[in-house]
Amino acid sequence: MLSIASDRLMDTSSFIPARILATGEAGRWAHLSSLKRRPRRLRLNPALRRMVRETTLAPDDFIYPLFVTHGQHIQNEIGSMPGVYQWSIDRLAQEAESIAKLAVPAVILFGLPAQKDPIGLENFAADGIVQQAIRAIKHAVPELIVITDVCLCEYTDHGHCGILNAPLPLSTTGEGAGEWGQHPHLPEGYVLNDETLDVLAKVALSHAEAGADIVAPSGMIDGMVAAIRSGLDENGFDHIPIMSYSTKYASGFYGPFREAAQGAPQFGDRQTHQMDPANAREALREAELDVAEGADFLMVKPALSYLDIIRQTREQYPQMPLAAYNVSGEYAMVKAAARNGWIDEERVTLEVLTSIKRAGADLIITYHAKDAAQWIK
Ligand code: PBG
């Protein structure tokens with residue numbers, strides 16, 4: 001046996017002679033017998049693999065986004081997001097029931113208003129589209145958690161996430177007319193921070209009054225959590241949690257969403273408030289502020305190109321519930337490739353969602369929620 005081993009070691013062509021395989025001596029190489037650790041032992045069959053699995057997905061992990069619109073009998077599929085629809089209120093109850101039946105615990109609402117204006121008045125109107133949707137869903141399926149996105153971009157005629165620095169009075173009629181003046185020291189079109197906070201606080205309060213369970217400010221406006229927290233607390237809603245989009249990047253992956261929610265900026269972009277994709281340390285600073293302001297959940301958005309940020313946020317804030325938003329562009333890419341037959345949709349989707357959870361997210365806002373919940377079952 002020794003001679004065989006030394007033959008082998010000197011043999012630079014490196015093949016195992018047939019006589020060795022036949023006698024089973026290959027496994028007795030000196031260097032192989034030192035292999036005490038063989039990770040493959042725990043991959044031998046499905047049951048073993050299940051026993052050592054570190055990350056599992058459950059429907060409880062998911063939050064499903066819903067787009068709601070005025071009108072009747074509307075179920076409009078979004079071109080760039082196959083399987084995702086804009087719903088009118090009369091169709092919502094049925095959709096909410098089907099989500100709850102899949103054991104997905106929560107939805108997040110985005111509204112398409114009837115009219116847009118510089119402030120986004122429908123955003124905090126008692127009969128606004130989201131307020132109607134909240135009431136319809138809570139009436140039909142009270143146990144389904146309703147989260148609302150709190151931002152201005154779907155409601156403003158300029159498509160920006162806040163009140164803009166404008167040379168003229170922003171509105172001459174309706175609530176809030178003339179309340180917001182011009183700031184000559186800031187660029188025209190700049191998203192004004194503190195003026196926007198007043199509106200965000202009004203919107204969140206209006207959602208809570210309509211019956212929302214959780215409010216989720218998404219505009220990356222400084223102080224948004226503090227402003228919403230005090231607005232809610234002063235009006236008897238200190239029991240309503242805030243899920244802050246604490247770390248949201250200025251991302252190209254929101255493209256399809258802007259078709260779905262009709263909230264694309266009419267000029268410029270969102271880089272003066274959303275984060276630079278190049279930055280990670282700044283993400284922790286953003287999270288730190290939101291924790292201090294009273295956020296109940298943190299969030300990283302988008303998810304897939306930011307798994308490192310999810311991991312770092314998880315490590316920095318082990319005590320905080322952490323959500324990740326698997327955004328529209330991430331969904332669209334999987335759908336498009338699957339439709340072309342280039343990838344296996346179920347396999348890739350579950351792999352994507354698992355990776356987000358493995359990185360450290362507790363919750364995933366995802367357009368795949370219904371499909372994934374079905375596949376997991
Ligand atoms: C802002 C908001 C956006 C998304 C969620 N909330 C758009 C944006 O910031 O431009 C994007 C979600 C997605 O792409 O799926 N209201």
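Every number for a ligand or one of its atoms is a count from 1 in the order of the listing. Here, residue 1 is the first one in the sequence, and each next residue gets the next number.
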* Asked: Given Gln131 and Ser206, is the side-chain contact (heavy atoms from CB on, under 4.5 Å) satisfied, shown in steps?
  -> CA-CA 7 Å; Gln131 289 80 356; Ser206 158; 2.6 Å; yes

* Protein heavy atom at shortest distance from atom 14 (O) of ligand 1 -> Ser328 OG, 2.7 Å

* Asked: Nearest to atom 12 (C) of ligand 1 by heavy atom, Tyr155, Phe110, Phe257: which?
  -> Phe257

* Shortest non-hydrogen separation from Asn165 to Leu186 and the atoms involved -> ND2-O, 2.9 Å

* Taking atom types as modelled, find out whether Gln86 and Thr69 have a side-chain donor-acceptor pair closer than 3.5 angstrom. => no

* Please state which protein non-hydrogen atom is closest to atom 5 (C) of ligand 1 and give its distance, to 0.1 Å? -> Lys301 NZ, 2.6 Å

* Quick one: look up the protein heavy atom nearest atom 15 (O) of ligand 1 and list residue, atom name and how far away it is. => Tyr367 OH, 2.6 Å

* Element-labelled atoms of ligand 1 that are located less than 4.0 Å from some non-hydrogen atom of Cys151 -> 16 (N)

* Asked: What about Phe62 and His368, are their ring centers closer than 6.0 Å?
  -> no

* Asked: CG/Leu322 to CD1/Ile364 distance, rounded to the nearest 0.5 angstrom?
  -> 10.5 Å

* Give the contacting part of Tyr325 toward ligand 1: side chain, backbone, both or neither, where contact means a heavy-atom distance below 4.0 Å. => side chain

* Asked: Looking only at protein heavy atoms, which one is nearest to atom 2 (C) of ligand 1, and how far off is it?
  -> Lys248 NZ, 3.3 Å

* **ligand 1 contacted by Ser218 (non-hydrogen, < 4.0 Å)** => yes

* Measure Cys153 to ligand 1 on non-hydrogen atoms and call it side chain, backbone, both or neither using the 4.0 Å cut-off. => side chain

* **Heavy atom of the protein closest to atom 10 (O) of ligand 1 (residue, atom name, distance)** => Arg258 NH2, 2.5 Å

* For ligand 1, is Gln274 a contact, meaning one of its heavy atoms is under 4.0 Å away? -> yes

* Cation-pi check, Lys248 to Tyr254: give yes when NZ or CZ is under 6.0 Å from the six-membered ring centre and within 45° of the ring axis, no otherwise. => yes

* To do: Would you give the length of the straight line joining atom CD1 of Ile376 to atom CG of Asp60, rounded to the nearest 0.5 angstrom?
  => 10.0 Å

* To do: Using a strict cut-off of 4.0 Å, indicate which atoms of ligand 1 neighbour a heavy atom of Glu154.
  => 16 (N)

* Structure fact -> Per side chain to side chain donor-acceptor pair (under 3.5 Å), Asp213 is matched among His239, His207, Lys138 by Lys138

